[in-house]
Amino acid sequence: MGEAHHQSVQELAASLGALPPEFVRPEHEQPAATAFQGGAAPDAPVIDMSDPGCGARIADAAREWGLFQIVNHGVPSSVVAELQRVGRAFFDLPREEKARHAAMDPASGKIEGYGTTLRLDDDLEGKKKTWNEFLFHVVAPPEKVDHGAWPRSPAGYREANEAYCLHVQRLARELFGYLSLGLGLEEGAMAEAFGGAGAGGMVFLQKINFYPPCPQPELALGVAPHTDMSTLTLLVPNEVQGLQVFKDGHWYDAKYVPDALIVHIGDQIEIFSNGAYKAVLHRTTVNKEKTRMSWPVFVEPPGELVVGPHPQLVTEENQAKYKAKKYKDYQHCKINKLPM
Ligand SMILES: O=C(O)CCC(=O)C(=O)O
Ligand SMILES: [Fe+2]
């Protein structure tokens, strides 16, 4: 491939001064046309995890928003800062070098590694593109980790990600406990249903999103509207606002709260709860001057595990709203937009 193919879209866009047409979203998706325009917009809940009443607030937030932020979560700010530092250092490498690390190849089922839609020669079959680069790799359990898909540079990348993951594992257990109790179930119900205790163990998939400055952010999106397939997602943002949440017919900003982690309820918790908890529909906007980054960890059941509504939540009056499915079959249907 010639050098021209590797010219970045930012470079090209800067020379054109305008957004290439494949990044212009249809009007019903454009952030400028669809963001909440009223007066005081409601904020997704910010929950203090050191508060003894936080469990009930977490369950309420999962019912009403499907998204909330947590503070006093026990993750030292130095651990988060180091996760961010090494991620940023990776994305600051030249694009060719990033691709050399671990190019992903979705066609062959290799979703781990570095990918981008910021390439004009990518053929997405006429589909609109999003303004982002990303990196994916499993971070736990160790037997499912492929270190070949992890950046070899910068030094310290592996240690930083492993240290942060231990906290994500602890927080996921805690959140599953509160969310189980909030449904009237045993505290361990969710953890067990998602692969705890003998079922193969949950999978922790680290993603890093990198959204460079965009010449016409009002026309573009960083990620298109979606719900996460995961059980839940725990996300570290940088200080650049961009995540938006759909609720009651409107898109609202998830405000940047220093030191907070953002929790998304994903599809598997919605299914397990038989619809009591809501998988959050979300998207991201981009910025004209600043680079936004985010570090979501998707907490997933092992592929062979069957997830369905918990039997105690299915009654004569409240029938099962979702089919039980192996997680890998669910993923396949969702990625290929097949009927569930
Ligand atoms: O960047 C964000 O805040 C959200 C990213 C996201 O939704 C995703 O990667 O699934
Ligand atoms: Fe997401």
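As the structure lists them, so they are numbered: ligands from 1, and atoms in each ligand from 1.
Within 6.0 Å of atom NZ in Lys323, 12 or fewer heavy atoms from other residues, nucleotides or ligands are found, so the atom counts as exposed in its surroundings. Residue-environment remark: CD (Glu187) stays at or below the threshold of 12 foreign heavy atoms within 6.0 Å.
Here Phe134 has no heavy atoms under 4.0 Å from ligand 1, in either its backbone or its side chain. Contacts between Asp228 and ligand 1, counted as non-hydrogen atom pairs separated by less than 4.0 Å, involve the side chain only.
Against a heavy-atom cut-off of under 4.0 Å, Ser294 is close to the following atoms of ligand 1: 1 (O), 2 (C), 3 (O). Under a 4.0 Å criterion applied to the non-hydrogen atoms of Leu235, ligand 1 contributes the atoms 2 (C), 3 (O), 4 (C). Each of the atoms 6 (C), 7 (O), 8 (C), 10 (O) of ligand 1 lies under 4.0 Å from some heavy atom of His226. Near Arg292, with a cut-off below 4.0 Å to any heavy atom, the atoms of ligand 1 are 1 (O), 2 (C), 3 (O).
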Inset, instruction - Show your working on side chain to side chain donor-acceptor pair (under 3.5 Å) between His73 and Asp259 and close with a plain yes or no. - result: CA-CA 9 Å; His73 40 61; Asp259 298 323; over 6 Å; no
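Residue-level check: among N/O/S atoms of Asp228, OD1 sits closest to the Fe ion (ligand 2).
The pair Arg283-Glu29 does not count as a salt bridge, with every side-chain nitrogen at least 4.0 angstrom from each carboxylate oxygen.
Residue contact annotation: His282 places an N/O/S atom under 2.8 Å from the Fe ion (ligand 2).
A donor-acceptor contact shorter than 3.5 Å is absent between the side chain of Glu22 and the backbone of Lys129. For Asn274 (side chain) and Val314 (main-chain N/O), no donor-acceptor pair under 3.5 Å exists by modelled atom type.
Ligand 1 has no N or O atom lying under 3.5 Å from any N or O atom of Thr284, backbone or side chain.
In this structure, Arg283 has no heavy atom closer than 4.0 Å to ligand 1.
Among protein heavy atoms, the minimum distance from atom 5 (C) of ligand 1 is reached at Asn209 ND2, 3.3 Å.
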